[in-house]
Amino acid sequence: QVQLVESGGGLVQAGGSLRLSCVVSGSIFIINTMGWYRQAPGKQRELVAVITRGGSTNYIESVKGRFTISRDNAKSTVYLQMNSLKPEDTAVYYCNIHVWNGDYWGQGTQVTVSS
């Protein structure tokens, strides 16, 4: 059974930073892409950042220059460093992995940015 466990969310003031982590466990030998999505109240879930196994990254325009995604393949862990946070970054953040037989999701972690 595959499990994704996120941590690192919380309440922070605008301009502050948070670092999200997502640890993957279970019977997975190779994880292709790892990513972070978010869903704000009343909005659709959107892709925030993604990283390939080789380390190539892609970001949604609104977080470029503020967020950094990274991964540790040996630890099956993906991170999202979030700096200069804004109130509009408030959302539930979900970890996602893409493997040979489909996608897996974490349970989500709440990020709240106060103005």
Side-chain angles (χ1 to χ4, degrees):
Q1 185 176 357
V2 177
Q3 282 192 318
L4 283 67
V5 179
E6 299 125 331
S7 61
L11 173 63
V12 65
Q13 288 188 332
S17 298
L18 286 173
R19 189 191 194 210
L20 305 183
S21 299
C22 173
V23 180
V24 181
S25 62
S27 301
I28 290 183
F29 295 105
I30 296 177
I31 301 172
N32 296 321
T33 58
M34 306 181 83
W36 290 94
Y37 288 70
R38 68 186 180 188
Q39 187 166 19
K43 295 187 177 181
Q44 289 189 330
R45 190 175 297 190
E46 63 178 358
L47 175 63
V48 176
V50 63
I51 184 167
T52 67
R53 184 167 180 80
S56 297
T57 59
N58 199 15
Y59 299 90
I60 191 173
E61 191 65 32
S62 60
V63 308
K64 286 182 179 178
R66 300 188 297 122
F67 291 11
T68 302
I69 189 171
S70 61
R71 63 189 283 175
D72 184 333
N73 292 327
K75 296 181 178 179
S76 298
T77 301
V78 61
Y79 307 96
L80 186 67
Q81 178 67 44
M82 305 185 293
N83 299 328
S84 302
L85 282 161
K86 303 176 180 180
E88 51 263 44
D89 295 318
T90 295
V92 178
Y93 283 70
Y94 297 90
C95 174
N96 168 271
I97 63 169
H98 181 71
V99 299
W100 71 274
N101 62 341
D103 283 24
Y104 293 91
W105 293 88
Q107 79 288 350
T109 185
Q110 177 70 47
V111 171
T112 303
V113 185
S114 63
S115 57

Minimum heavy-atom separation for [X] to [Y], with atom names?
| X | Y | answer |
| --- | --- | --- |
| Ala14 | Ser115 | CB-CA, 4.4 Å |
| Val48 | Val63 | O-CG2, 3.9 Å |
| Val92 | Gly108 | CG1-CA, 3.8 Å |
| Ile31 | Val99 | CA-CG1, 4.1 Å |
| Ser84 | Ser17 | N-OG, 4.3 Å |
| Val24 | Met34 | CG2-CE, 4.0 Å |

Member of Ile97, Thr33, Asn32, Asn96 meeting the side-chain contact (heavy atoms from CB on, under 4.5 Å) criterion with Asp103: Asn96
Would a hydrophobic clustering, with Ile, Leu, Val, Met, Phe, Trp and Tyr connected at side-chain separations under 4.5 Å, put [X] with [Y]?
| X | Y | answer |
| --- | --- | --- |
| Tyr79 | Leu18 | no |
| Ile51 | Tyr104 | yes |
| Leu20 | Phe67 | yes |

Given side chains that start at C-beta, do those of [X] and [Y] come closer than 4.5 Å, heavy atoms only?
| X | Y | result |
| --- | --- | --- |
| Leu80 | Arg38 | no |
| His98 | Val50 | no |
| Tyr59 | Arg66 | no |
| Ile60 | Leu47 | no |

Please check if the side chain of [X] supplies one atom and the backbone of [Y] the other of a donor-acceptor pair under 3.5 Å.
| X | Y | result |
| --- | --- | --- |
| Gln81 | Arg19 | no |
| Thr90 | Val113 | yes |
| Gln110 | Gly9 | no |

Which distance, rounded to the nearest 0.5 Å, do you find between the [atom1] of [X] and the [atom2] of [Y]?
| X | Y | atom1 | atom2 | value |
| --- | --- | --- | --- | --- |
| Ser114 | Gln13 | OG | CD | 5.0 Å |
| Ser62 | Lys86 | OG | NZ | 7.5 Å |
| Asn58 | Thr52 | CG | OG1 | 10.0 Å |
| Leu4 | Thr77 | CG | OG1 | 10.0 Å |

Is there a side-chain contact (heavy atoms from CB on, under 4.5 Å) between Val5 and Ser25? Walk through the geometry before answering. CA-CA 8 Å; Val5 179; Ser25 62; 5.7 Å; no
What do the steps show when you test Ile30 against Arg53 for side-chain contact (heavy atoms from CB on, under 4.5 Å), and what is the final call? CA-CA 9 Å; Ile30 296 177; Arg53 184 167 180 80; 3.9 Å; yes
Fit a plane to each ring of Trp105 and Tyr94, take the angle between them on a 0 to 90° scale, and name the class: parallel (under 30°), tilted (30 to 60°) or perpendicular (over 60°).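 It falls in the perpendicular class, over 60°.
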